[in-house]
Every structure is written in structure tokens, then in C-alpha cells.
Visitor: 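Starting off with a structure, shown below.
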Amino acid sequence: MKLATWNVNSLKVRLPHALDWLEANQPDVLCLQETKQEDSKFPLSELQQAGYQAVFSGQRTYNGVAIISKAVLEDVMCGIPDFPDEQRRVIAATLNGVRVVCIYAPNGQSVGSEKYQYKLSWYLALRKWLKNELVCYPRLALLGDFNIAPEDRDVHDPKAWEGNVLVSEPERAEFRELEQLGLRDSFRLFEQPEKSYSWWDYRMMAFRRNMGLRIDHILLSEVLIPVCTDCTIDRAPRKLERPSDHTPVVANIVI
DNA sequence: ATGGCGCTTAATAAGCGA
């Protein structure tokens with residue numbers, strides 16, 4: 001079973017890239033973030049023609065998440081229970097007995113800002129919910145744009161980024177709290193190239209200079225860790241014309 | 001170096017992302 005996540009930064013603009021990528025890679029499930037589309041405008045028929053079904057929770061301009069799958073999607077949930085939020089950041093569904101949770105974590109803007117506080121409270125609510133979710137669904141995968149670079153090796157210039165949003169200690173502590181639930185960063189289960197990142201700023205030729213961060217992740221629950229065979233970052237879509245600033249992360253599990 | 005680029009809504013600029 002091939003699982004993937006990709007922040008497309010507007011599904012309207014990136015639909016051709018997404019369809020090409022699905023055709024070339026044939027994942028069983030692809031989690032999307034920053035679709036930036038109201039549900040009425042979601043390109044369901046185009047995806048169905050490509051052999052996929054989808055569930056989605058979007059809004060105009062900002063945020064928006066979707067799960068695209070070859071298999072039937074069941075028990076669909078949007079948002080975090082008991083965490084009222086206008087921002088469409090979470091969607092979950094079960095397919096082939098695996099609970100797939102797709103997240104677009106808040107950016108946080110700057111350390112100490114209101115948006116940063118929102119980010120930390122959002123992570124607290126997420127982890128409290130997932131603790132229960134893992135009881136109901138021991139086979140669980142948490143995929144998405146976490147907007148956290150977990151360690152210094154996930155940052156192109158740790159000194160320049162030190163203390164900044166996306167790498168600050170309270171954010172990294174939240175990432176470790178997720179690991180305390182038994183979730184593991186599938187990327188680090190395997191030997192990886194140095195300087196592996198999933199996002200590069202559009203400016204300053206950051207991609208060409210590999211000035212990136214690894215902030216998109218696939219976390220797997222304890223029972224899925226032993227059956228994970230690989231996790232890779234696919235840099236190819238970042239080289240296309242008008243790319244998303246993020247690139248897909250892919251993991252395979254044998255179930 | 002507080003800019004840079006790209007997307008969105010809106011409207012001929014401004015907010016936001018990371």
C-alpha cells in the first residue's frame with residue numbers, strides 16, 4: 001500500500017501536476033493540503049476519471065485538505081472533535097482497514113504571535129484526539145504538512161533558523177508528543193540522503209540552492225512501523241513549471 | 001539584508017504563507 005502526502009498550494013493551479021503525479025506514481029492514497037477551494041469547486045470528476053475517489057474539506061483562499069484514494073473511503077471525519085475551528089485543516093478516513101489522517105498544521109507566523117499560540121493549541125487538541133483515535137484504529141497513518149522541522153538535520157541552515165517558527169523548541173516538543181503516542185516518523189526509519197527537505201521558498205532560488213526544510217511527514221502507528229518498507233521524498237514535481245513550494249512524501253507499507 | 005515569489009481576492013493593491 002503506497003501512501004503519499006503533498007501540499008499542492010492551490011489545487012486549482014496544481015491539478016495538472018496532481019493528475020500527472022497520480023498517473024505516474026499510482027499511490028493507493030494521496031493526502032492533499034492547501035487545496036484553497038470550496039467543496040463545490042473540488043475537481044472530483046477529473047480525479048474519478050483518473051481512477052480515484054476523494055473526500056475533501058475546503059474553503060476559499062486558505063487551507064483545505066483532501067484524501068484521494070483508489071479504495072472506498074469510510075468513516076470520514078472533518079476537523080478535530082471538541083476543537084471548534086473555521087479553518088479546514090483536518091480530514092480522516094478509513095480505507096483497507098487503515099485509518100488515514102490528513103493534516104495541514106497552522107504555520108504559526110512568528111514565535112509568540114497569536115497564530116503561534118493557535119498553532120500550539122491546535123497541536124494539543126490534535127494529540128488529545130489522536131490518543132483516542134489510536135485506541136479505535138491501531139492501524140493509523142498521520143500524513144500532511146506539519147509545519148515543523150523536527151530536528152536540526154531537517155533544516156538547511158539551523159543556525160539561521162534557530163528559535164524561528166517551524167523549528168522552535170515548543171513546536172518540536174509537540175512533534176515529540178506525537179511520537180509519545182507511538183507514532184513514528186517513517187522517513188527516519190531508513191537511511192536517507194543528507195539535506196533531505198520537502199519545502200523550499202519560492203524566493204532566492206532556494207530550491208536550486210537546496211535551502212529547504214523537511215516539514216511534510218508521514219507518521220505511522222506502532223503496528224504499521226514493522227511493515228513499512230520505505231519512505232522517500234519525490235523532488236521531481238518541484239522542478240516543473242509553476243511548481244508547488246512543497247513536494248510529495250511517499251511511504252510504502254505491506255498489509 | 002525583513003527583500004526576494006506565488007497564490008488569493010479584489011481591483012489596479014494587500015494579506016498570507018514558511
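Nothing here was measured: the structure is a model prediction, and the numbers come from that model. Letters go in sequence order (proteins before strands), and every chain restarts at 1.
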Visitor: Measure CE/A/Met204 against P/B/dG4 and give the value in whole Å, please.
Guide: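 Distance check: A/Met204 CE to B/dG4 P gives 11 Å.
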Visitor: If you look at every strand shown and take non-hydrogen atoms under 4.0 Å, does A/Asp145 touch a base, only sugar-phosphate, or nothing?
Guide: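 Touches sugar-phosphate only.
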Visitor: Scan A/Asn7 against the nucleic acid and name what it touches under 4.0 Å (heavy atoms): base, sugar-phosphate only, or nothing.
Guide: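 Here A/Asn7 touches the backbone only, sparing every base.
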Visitor: How would you list, by chain and number, every residue that makes a ring-ring contact (aromatic ring centres under 6.0 Å, His included) with A/Tyr104, sequence neighbours excluded?
Guide: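 With sequence neighbours excluded, A/Tyr104 shows a ring-ring contact (aromatic ring centres under 6.0 Å, His included) to no residue whatsoever.
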Visitor: Tell me the interatomic distance from A/Lys115, atom NZ, to B/dG15, atom P, rounded to whole angstroms.
Guide: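 Rounding to the nearest Å, NZ of A/Lys115 and P of B/dG15 are 11 Å apart.
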Visitor: Answer yes or no: does atom CZ of A/Arg184 have more than 12 heavy-atom neighbours from other residues, nucleotides or ligands under 6.0 Å?
Guide: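 Counting other residues, nucleotides and ligands, CZ of A/Arg184 stays at 12 neighbours or fewer.
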Visitor: Has the side chain of A/Arg139 got a donor or acceptor atom that lies under 3.5 Å from a matching backbone atom of A/Val223?
Guide: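 Here the side-chain-to-backbone pair does not exist.
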Visitor: Rounding to a whole Å, what distance do you find between A/Gln33:CD and B/dA18:C1'?
Guide: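 It works out to 14 Å between those atoms.
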Visitor: Once you round it to whole Å, what is the distance between C1' of B/dC16 and OH of A/Tyr116?
Guide: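 Roughly 19 Å, once rounded to whole Å.
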Visitor: Specify the separation, in whole Å, of atom CD of A/Gln59 and atom P of B/dG17.
Guide: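 Checked: the CD to P distance equals 11 Å.
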Visitor: When the distance from CD of A/Glu34 to C1' of B/dC16 is rounded to whole Å, what number comes out?
Guide: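 Roughly 9 Å, once rounded to whole Å.
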Visitor: NE2 of A/His156 versus P of B/dA18: gap in Å, rounded?
Guide: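 That distance rounds to 15 Å.
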Visitor: Does a donor on one side chain sit under 3.5 Å from an acceptor on the other, for A/Trp21 and A/Asp234?
Guide: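 Looking only at side-chain atoms, A/Asp234 and A/Trp21 do form a donor-acceptor pair, the distance falling under 3.5 Å.
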Visitor: Look at all strands and tell whether A/Asp201 reaches a base, only sugar-phosphate, or nothing, counting heavy atoms closer than 4.0 Å.
Guide: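 Touches nothing.
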Visitor: At under 4.0 Å between heavy atoms, what does A/Val13 touch on the DNA or RNA strands: base, sugar-phosphate, or nothing?
Guide: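 The residue A/Val13 makes sugar-phosphate contact but no base contact.
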Visitor: Any side-chain donor-acceptor pair under 3.5 Å between A/Tyr52 and A/Asp28?
Guide: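 Per modelled atom types, A/Tyr52 and A/Asp28 side chains form no pair under 3.5 Å.
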Visitor: I need the CZ-C1' distance between A/Arg14 and B/dT8, as an integer number of Å.
Guide: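 The answer, rounded to whole Å, is 12 Å.
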Visitor: Under 4.0 angstrom, heavy atoms only, what part of the nucleic acid is A/Tyr197 near: base, sugar-phosphate, or nothing?
Guide: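 Nothing, no heavy atom under 4.0 Å.
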Visitor: Quick check on contacts: within residues 84-92 of chain A, what sits under 4.0 Å from DNA chain B by heavy-atom distance?
Guide: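 Nothing qualifies; none.
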